[in-house]
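Following: one structure in structure tokens, then a few remarks.
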Amino acid sequence: MDIEELQTFVEVADAGGITSAARRLGVSKSIVSRRLARLETGLGVQLLARTTRGAALTEAGIAFRDHAARVVAEIETAKAVILPDGDLKGRLRVSVPLSIGPTEFAPLLAKLAKHHPHLHIHASYSDRFVDLIAEGFDCAIRVGYLQDSNLIARRVGPFYGKLVASPDYVAIHGEPQTPHELSAHEALMQGTETWQFSDGDQVVSVQPQGRFKADNGSALVPAALAGIGIAWLPDCLVDHHIASGALIPILVGFPPPAAGIYVVRPPGQFPTHKVRVLTEFLIEHFGTE
């Protein structure tokens, strides 16, 4: 069996369709279909049942998928051993948050690319949670508090943020003394979200309300500076404004629970060597708590 045929089958099985798998592999749908046909012909069984909504594993495909994934992972590991200086080849497609990605993560991805000259890094910057499988991403870098999902996440470092407002806002509206008092204040938000605060050993959750929203954290900074409301923002976006006095920390006695930086990948027992290297690279840079 050809390793490309096995890899293609695993991608189609995990993505649930030929289109998504082709996007992940960086090849045309016709190439994916031909590889699957050759694999099924060689095995003499049907691995996938094609439907109008994608591709579903047959009973034989379910039984074969984990074995195929194990073989692909072992081959990738073997290739990595013989490549000079652990060099990487192929394409790594990664989703990165837009708010802090260009400043905090883009330099790291550039450093990784320089260290691995044969690695093609395709980074997509967006604050929305992309569908890694359907949109063909190898992994995503996400920050904050992760929601429950079927994705596999690896924490690579801590992530810090705080509640801030302008001195003008506080002068006009006052400063909340407890998290529950936020209900009387204008919040600057990225959507419908929940803010969490530490009160001793307890975690207090608040659902803020406000008239100003943006789907990008950086876009909330000017609103906070203009005195429109209170915002929860990453330290890297607000520290220099705090140092200048343009923003002041709010509810410092109720710090947010520890958040994190994560590498998130689609479900599957065996992460690709490229994703493992990226994860280890970020751990080395950020360090875990």
Side-chain angles (χ1 to χ4, degrees), residues 3-4 7-8 10-11 14-15 20-28 72-133 135-144 146 151-161 216-218 234-240 259-266 268 270-289:
I3 185 62
E4 285 188 339
Q7 182 184 23
T8 299
V10 172
E11 292 289 357
D14 292 349
S20 298
R23 191 181 298 117
R24 286 177 61 84
L25 293 167
V27 299
S28 67
V72 170
E74 288 294 337
I75 292 296
E76 285 197 353
T77 301
K79 287 181 177 180
V81 171
I82 63 174
L83 286 174
D85 300 324
D87 198 8
L88 296 178
K89 292 184 178 181
R91 185 185 68 162
L92 175 65
R93 190 159 186 253
V94 55
S95 171
V96 190
L98 176 60
S99 298
I100 61 174
T103 56
E104 302 300 311
F105 296 113
L108 299 178
L109 293 177
K111 185 177 179 181
L112 183 67
K114 185 174 182 179
H115 186 68
H116 298 280
H118 301 293
L119 179 65
H120 296 248
I121 297 180
H122 295 187
S124 175
Y125 292 84
S126 173
D127 279 337
R128 69 182 181 88
F129 276 18
V130 301
D131 187 327
L132 298 184
I133 297 175
E135 299 182 48
F137 286 95
D138 295 293
C139 63
I141 299 172
R142 292 180 178 169
V143 297
L146 291 188
L151 301 177
I152 297 175
R154 175 71 186 276
R155 185 185 177 99
V156 298
F159 179 73
Y160 302 105
N216 177 278
S218 298
D235 286 355
C236 59
L237 294 182
V238 299
D239 276 350
H240 64 289
I261 304 169
Y262 300 88
V263 173
V264 180
R265 63 179 174 86
F270 305 101
T272 65
H273 184 55
K274 291 171 289 188
V275 173
R276 289 200 303 270
V277 169
L278 171 65
T279 302
E280 293 165 1
F281 179 77
L282 294 178
I283 289 175
E284 181 179 352
H285 178 81
F286 291 106
T288 54
E289 291 180 325

Could you go through the side chain to side chain contact (heavy atoms under 4.5 Å, CB included) check for Ile261 and Leu282 one step at a time? CA-CA 9 Å; Ile261 304 169; Leu282 294 178; 5.6 Å; no
Which atom pair, heavy atoms only, marks the closest approach of [X] to [Y]?
| X | Y | result |
| --- | --- | --- |
| Gly157 | Phe286 | CA-CB, 4.0 Å |
| Gly144 | Phe159 | N-CD2, 3.8 Å |
| Phe105 | Pro97 | CE1-CG, 4.1 Å |
| Ser99 | Leu237 | O-CD2, 3.9 Å |
| Ile152 | Pro266 | CD1-O, 4.2 Å |
| Gly101 | Tyr125 | C-CE2, 3.6 Å |

Look up atom [atom1] in [X] and atom [atom2] in [Y], then write down how far apart they are to the nearest 0.5 Å.
| X | Y | atom1 | atom2 | result |
| --- | --- | --- | --- | --- |
| Ile121 | Leu109 | CD1 | CG | 5.5 Å |
| Thr279 | Ile283 | OG1 | CD1 | 6.5 Å |
| His118 | His120 | NE2 | NE2 | 9.0 Å |
| Leu278 | Leu92 | CG | CG | 6.0 Å |
| His116 | Lys274 | NE2 | NZ | 12.0 Å |

Would the distance check show the side chain of Asp138 and the main-chain N or O of Arg93 forming a donor-acceptor pair, the cut-off being under 3.5 Å?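 Yes.
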Are the side chain of Arg155 and the backbone N or O of Ala259 linked by a donor-acceptor pair below 3.5 Å? yes
Side-chain touch His273/Arg276, heavy atoms, less than 4.5 angstrom: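 His273 vs Arg276: side chains touch.
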State, with a plain yes or no, whether a side-chain heavy atom of Val277 is found less than 4.5 Å away from one of Leu119.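 No, every pair of side-chain atoms sits at 4.5 Å or beyond.
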Sorted by first residue and then second, give each salt bridge (charged side-chain N to carboxylate O under 4.0 Å, His left out) pair with at least one member in residues 116-130; sequence neighbours left out.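 Listed by first then second residue: Arg128-Glu135.
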Taking salt bridge (Lys or Arg N to Asp or Glu O under 4.0 Å) as the test, write out the residues that go with Glu4, two or more places apart. Arg35
Which residues satisfy the salt bridge (Lys or Arg N to Asp or Glu O under 4.0 Å) test with Asp131, sequence neighbours excluded?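 None.
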